[in-house]
Each structure stands twice: as structure tokens, then as C-alpha cells.
Amino acid sequence: MTDVRTRFAPSPTGYLHLGSARTALYNWAFARRHGGKFILRIEDTDRERSTRESEEAVLEGLRWLGLDWDEGPFRQSENAQRHREVVEQLLAQNKAYRCACTRESLELRKQASVDAGGRGVYDGHCRELDLGPDCGPHTVRLRLPPDGMLGFRDAVFGPSGQDASQIGDAIIQRSDGSPLFHLAVVVDDIDMGISHVIRGADHHPNTPFQIALYQALEVEPPTFAHIPLTIAESGKKLSKRRDNVSIQQFQEEGYLAAALVNWIVRLGWSHGDEEIFALDDIRRLFDLESVGRSAARAEIAKLQWLDQHYIKQLSMNELLQQARPHFERVAERPVEDTPELRKLLDLLRERSKTLVEMAELAHWYLRDEIEYQEKAVKKHLRGSALTVMRALLERMSEAEEWSEEVLEGIFHDVAAALGDLKMGKLAQPIRVAVTGGHSSPGIFETLVVLGEKRTIQRIGQAIELIERRDAVATDD
RNA sequence: GUCCCCAUCGUCUAGCUGGUUAGGACACCGGCCUUUCAAGCCGGCAACACGGGUUCGAGUCCCGUUGGGGAUACCA
């Protein structure tokens, strides 16, 4: 395969869509795998939605995922002149013709055709009229070959195509002189020397018309590869209302780019039994042959598993850097890089599916005021725990060193002194006193991370809480 | 309506040219570990949509049915 050139052609919608991201990834991977070029082209012909900001958001999403491009970003709007020239050329060659049908008459005739059980394609009203440029408001239509298959071999779906009669002479230029999608795409792809068009399967049905355009322009079509659409976990079409479809939102929810990339690459592509694919693996292994043909559901559980996998793999410095913004959001203030924080990060990476979850699990470290969970308090901070808590507090206050070993010694001594108590009898009340909840990393590790001062203060506070509550209870 | 496409565990999938106890991963369930929650380890549940063919033999090939998706714009 010589001179592979792929492209990603998003319309700037203000965010990078999950499905688009996968298309971009496949294009990028294919180009990288074959030592080709990956080109970015913004399809901004819809001027309404196309702002600089929404364009930047799409680029930002690509950068975050780690998908670098070799050329561009180009903007389709920059090629307007060229598009017009091509239409003129087609007109001069009689491969296209002007159509003066009004929208109303078009709609009427289409409806009549459908009612009669037909396809509702353009009926060729102006096809042989040979209308000149002075025919009033008009569009330009491509003159399709009268019959014959507009076929192509799709790299994913295999032999594809439709008979020209099933398609009809579609419009390639609006009455205001602007080009339509099909024309713009084909011309731009030709000009950019695109060798492989890898795009969503929603384009599969309108590829035959584009084949006709390539034929009219006497250019060999590129290889097409239509990748099946991804659908929501519900089994329905991905909807921006119901589903999370924005890459940026996944980022905000605490997912790592590596996890997201791994997740989407496996949605419709596989490599034997392997599940873990970093960008480097993908650029080495990706192939069109192993892309499936059926739509894949995007199940979040798999993403979460992958995310935890990658969180566990991160180096401490990377983890710190990635987790920090989320930690600071919970802390509502800057979070200092300390040995305790690093230790906590290591403890929490085993228990977090996302960085957001990790930050939530760290709330007792990040905030001065802890939130007591009602159930946990009710179960563990009861009168019967007072003896244990007081004994532990006393011994902790005298501790000459604040380490896991020393704390473990204290706990064992107290357990033995109070009648060979089970460790749970001591650990759980302390855990609730110190974190507010009934789950956390190992109790000694938790206390070391929290520090002596805060530990003692919180246990004291919990003891007071129990005493005050029980006093009220006996008053009744 | 009309055209086109798709169809293996709940989910993502393996399954190369027909011969497998239909494999893996996630999820789920159980066990071990254990001061809690996780993680880890071990084990389990679970699929060829249905009906016809072709064949000695079909998840693999053909047809139909059903189900799902897409396309039918002077959107992209």
C-alpha cells in the first residue's frame, strides 16, 4: 500500500462526539500503521454552527486523546472557489445540469412518487431541458449514468453499491451557489489525495452517489471503509440528551484518555483475545480487516474497568498530575504535594474506577470537616465503643512515633488488654470517627496519612459526639 | 413506504477456506484473603435469533422470517 492518506472531517459542534472520536482514532491508527499521513479537515460549510470556539473544542478533544495530525486543520469553507469551479466544469461537460424546479413542486412530485410505491427520487424534470445560467433561481444536479451499478468494494462491508436508477440526480450546488456535502467532500478528498476514506456506516448508503461523482470527474475513487455505528448502552441510538457522548465530559468525569481510547478501539475492532491496547499498540496493530460489521453497544462498565486498569498503571507523578484537579475540586483549595498525599494516592488507586471517584474517596483527607454517614455512625459510634476509643486515644496521644508499626502495636495492646477483642471492634469505630464512613484503606495506613494531630482531634470529637448523644438519650 | 446493511453469552468479541467440550474479556454469582471497602487469586453462570435447505457433517454456505440499524434534504 503506497502513500496512505486518511482524514478526519468533523463538523465543529462544540465538542468531540464519542462516535467521531472513534472514527478519528481509526483513521489515525490506519495512517500510522502504514506510515501514511493523517489529515484534519473541518467541515464548516454550515456557517451557523461553525464558530472558532466549537472548532477548537473538537481539536482539544483530539489532542487530549493523543491523536496528532500531520496536515491541517483545513477548513472546507476555504475551498468554496474550487468547488464552484468544479461545478462549472461539470456543467460545461454536460455531466451536470441546472434545475429550476422549486422546492414546492419537488416536494409534491416526491410525495406522489412515494404514494405510488416508488422511491421518491428526483424525476429528472430538468434533465434534458438544457437550462442556461439565466434560467432564474436554480440548483445544479449531477447527471447520473442512465443505468448501471455504482459499485465499490468496501474494506469493511465488502462489495457494495446501488443501481443509478435507485439514487436519482442529486443536487451538488444550491441555488445560492454554495456546494453541497457530496460535492465538497469528493472534491476535497481528491485535492488532498486521500487514499482511504474511513467514516461512519451512516455514509455507506450515500457512497454510490459519490462514486458517480468520482466517475464524472474521471478520478479513481479512494478505498472506502465504513465502520459500524456505536449505540448507547440502552441499545438505542446515542443521544446527546440521554447519553454521555462528549469526550470532554468523560474527561471531566475522571476518565483517563488511555482508558477511553482503549474502550472505543475495541468497540468494533479486535485483535485475538487481547483487551489492553495503548495508543502505541493500536498504531502497530490496527487493521481494517478486523473491524466488525455490526453496531456495538458502548457499555460503561467496561470503560470503568479499563480506567481502573490504567489508573493502577500510572506512575506516581502522572497520577498526581491527573488526580490533582479532581482532588482540588473536592478540597475547594489547592492540594499540596506531600508524602502523605502520595501514599493516599497509592492506596486509593486500587479502589477507584475513575479519578472523580478517587477524589470522593479522599474527602476525609481533603476536607477539614468530615461528613458522618448516618448508617456508619449508628452502627459503630455507639456507647459500647467508648471504652475502646478512649483507650486507643490515650495510647495514641502518648505515641512517640506516628507510624503503621507503632499504631498496630497500640491496637494490639488495647485489644489484648480489653479481653482479646477482635480487630474489627477497634478498627471500625476509629474508621468512622476519622473518615465519617465505614470504608477506607487499612486503618493504620489511613491514620498515618491523616496524621497524628487530625487523628487525635477527630477521635476526641467522636467521643464527645457519643457522650453528648447518650446524655440526651438518658435525660428522656 | 422504498432501498441498503447487520445478527455468537446481559455487553464487547474469537471463531481464518464447514468437523471446536463454541474460546477470551467486562458484568454478574460463589469462595479464599481480611480490621472495613477495594484490589488480588480461585471457581461458577451464560450464546450461535427463528425456520427451511445444501452436506456424511453448518455458528461457519444458500433462501426465507423476525428483530435491530442506516439512508431516503437546496443537513453534514
Side-chain angles (χ1 to χ4, degrees), chain A residues 9-11 13 43-46 48-49 76 99 101-103 106-107 110 113-121 137-141 154 156-158 160-163 166-168 170-176 178-182 184-185 200-209 226 228-229 231 233 235-237 263 266-276 289-290 292-306 308 312 347-353 361 376 380 408 411 415 422-432 435 437-444 446:
Chain A
S11 39
T13 48
E43 311 258 292
D44 60 346
T45 48
D46 182 352
E48 300 279 301
R49 286 183 295 172
Q76 193 152 66
C99 171
C101 296
T102 62
R103 291 174 199 256
L106 245 21
E107 185 53 42
K110 177 183 174 174
S113 161
V114 169
D115 290 346
R119 272 226 73 183
V121 298
H138 64 272
T139 58
V140 177
R141 291 180 184 272
D154 194 279
V156 172
F157 288 97
S160 308
Q162 272 187 82
D163 196 90
Q166 297 289 313
I167 299 169
I171 295 172
I172 55 176
Q173 187 177 77
R174 294 189 186 90
S175 49
D176 68 359
S178 62
L180 235 58
F181 170 72
H182 289 299
V185 167
D202 48 337
H203 289 295
H204 192 233
N206 50 40
T207 303
F209 182 75
H226 289 95
L229 271 16
I231 56 181
E233 193 157 356
K236 293 188 182 141
K237 188 177 162 168
W263 187 48
R266 283 283 291 103
L267 252 30
W269 175 80
S270 62
H271 185 75
D273 281 345
E274 289 178 45
E275 295 289 346
I276 301 300
E289 290 72 41
S290 305
R293 282 173 310 256
S294 51
R297 288 191 197 209
E299 202 176 60
I300 297 293
K302 188 80 156 225
L303 172 62
Q304 293 184 331
W305 173 73
L306 284 165
Q308 178 160 46
K312 285 198 283 190
L347 293 170
L348 257 25
R349 75 208 296 182
E350 304 283 321
R351 307 160 217 259
S352 314
K353 294 192 188 329
L361 291 175
H380 298 292
E408 192 166 356
F411 272 61
K422 291 263 217 185
M423 197 47 92
K425 288 280 181 200
L426 324 208
Q428 283 308 83
I430 296 301
R431 194 185 313 276
V432 177
T435 69
H438 54 60
S439 61
S440 82
I443 191 65
F444 310 125
T446 299

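Just so it is clear, the values below take in all heavy atoms, side chains as well, and ignore hydrogens, waters and symmetry mates. In what follows, every chain begins at residue 1, and chains take the letters A, B, ... in the order their sequences are listed.
- Look at the P atom in both B/G57 and B/A39: the space between them is 49 Å, to the nearest Å.
- In this structure, A/F411 reaches neither bases nor backbone, as no heavy-atom distance under 4.0 Å exists between it and the strands shown.
- Distances were taken from every side-chain heavy atom of A/R119 (C-beta onward) to each of B/A39, B/U72, B/U13; the shortest belongs to B/U72.
- Distances shorter than 4.0 Å separate none of the side-chain N or O atoms of A/R293 from OP1 or OP2 on B/G68.
- By the side chain to side chain contact (heavy atoms under 4.5 Å, CB included) test, A/A296 pairs with A/L267, sequence neighbours left out.
- Candidate nucleotides B/A38, B/A76, B/G24 were compared by shortest atom distance to the side chain of A/E43, and B/A76 ranks first.
- Distance CH2 (A/W269) to C1' (B/A14): 13 Å, rounded to an integer number of Å.
- Side-chain proximity of A/I443 to B/G1, B/A7, B/U35: nearest is B/U35.
- Counting only heavy atoms from C-beta on, A/P205 has its side chain closest to B/A71 among B/C5, B/U35, B/A71.
- Remark: C1' of B/C26 and CZ of A/R297 are 15 Å apart, rounded to the nearest angstrom.
- Between the CG atom of A/L106 and the C1' atom of B/A73 there is a distance of 10 Å, rounded to whole Å.
- Across B/A14 and B/A47, the matching C1' atoms stand 13 Å from one another, rounded to whole Å.
- In this structure, A/G442 reaches the bases: a heavy-atom distance under 4.0 Å links it to at least one base atom across the strands shown.
- With B/U35, B/C3, B/A76 as the candidates, the nucleotide lying closest to the side chain of A/Q428 is B/U35.
- Each of A/S439 and A/W305 was assigned the nucleotide of RNA chain B with the nearest heavy atom; the assignment lying further toward the 5' end belongs to A/W305.
- Within the nucleic acid shown, A/F181 comes within 4.0 Å of at least one base atom, counting heavy atoms only.
- Of the candidate nucleotides B/G24, B/A71, B/C74, B/G24 has the atom nearest to the side chain of A/D273.
- The aromatic rings of A/F411 and A/F444 stand perpendicular to each other, their planes meeting at an angle above 60°, with 30° marking the opposite boundary.
- Rounded to an integer number of Å, the gap from A/I171 CD1 to B/C74 C1' is 5 Å.
- Looking at heavy atoms from C-beta onward, A/Q76 lies in side-chain contact with A/D44 at the 4.5 angstrom threshold.
- When distances are taken from the side chain of A/S175 to each of B/C12, B/C74, B/U36, the shortest belongs to B/C74.
- Judged by distance alone, with hydrogens and angles left aside, the side-chain atoms of A/T435 form a donor-acceptor pair with the main-chain N or O of A/G437 at under 3.5 Å.
- Here the nucleotide nearest the side chain of A/H438, chosen from B/U13, B/U36, B/U35, is B/U36.
- Remark: B/G67 base-pairs with B/C6. Criterion, Watson-Crick or G-U wobble with two distances under 3.5 Å.
- Each of A/V121 and A/E350 was matched to the nucleotide of RNA chain B holding its nearest heavy atom; the match closer to the 5' end belongs to A/E350.
- Residue-to-nucleotide contacts include a donor-acceptor pair under 3.5 Å from the side chain of A/R431 to the base of B/U35.
- Each of B/C74, B/U36, B/G1 was ranked by its minimum atom distance to the side chain of A/V114; first place goes to B/G1.
- Between A/S270 and B/A14 there is a side-chain N or O to OP1 or OP2 distance below 4.0 Å.
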Step by step, would you call A/S175 with A/T139 a side-chain hydrogen bond (donor to acceptor under 3.5 Å, both in side chains)?
CA-CA 5 Å; A/S175 49; A/T139 58; over 6 Å; no

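- The CG atom of A/D202 sits 18 Å away from the P atom of B/C4 (whole-angstrom rounding).
- Using modelled atom types and a 3.5 Å distance limit, the side chains of A/H204 and A/S160 yield a donor-acceptor pair.
- Not a single donor-acceptor pair under 3.5 Å links the side chain of A/R141 to the backbone N or O of A/A170.
- Within the 4.0 angstrom heavy-atom criterion, base atoms lie near A/P441.
- Atom NE2 of A/H203 and atom P of B/C4 are 20 Å apart (whole Å).
- At least one side-chain nitrogen or oxygen of A/K312 sits closer than 4.0 Å to the OP1 or OP2 atom of B/G40.
- For A/R351, whose side chain is taken as the heavy atoms from C-beta onward, the closest listed nucleotide among B/G70, B/G1, B/C37 is B/C37.
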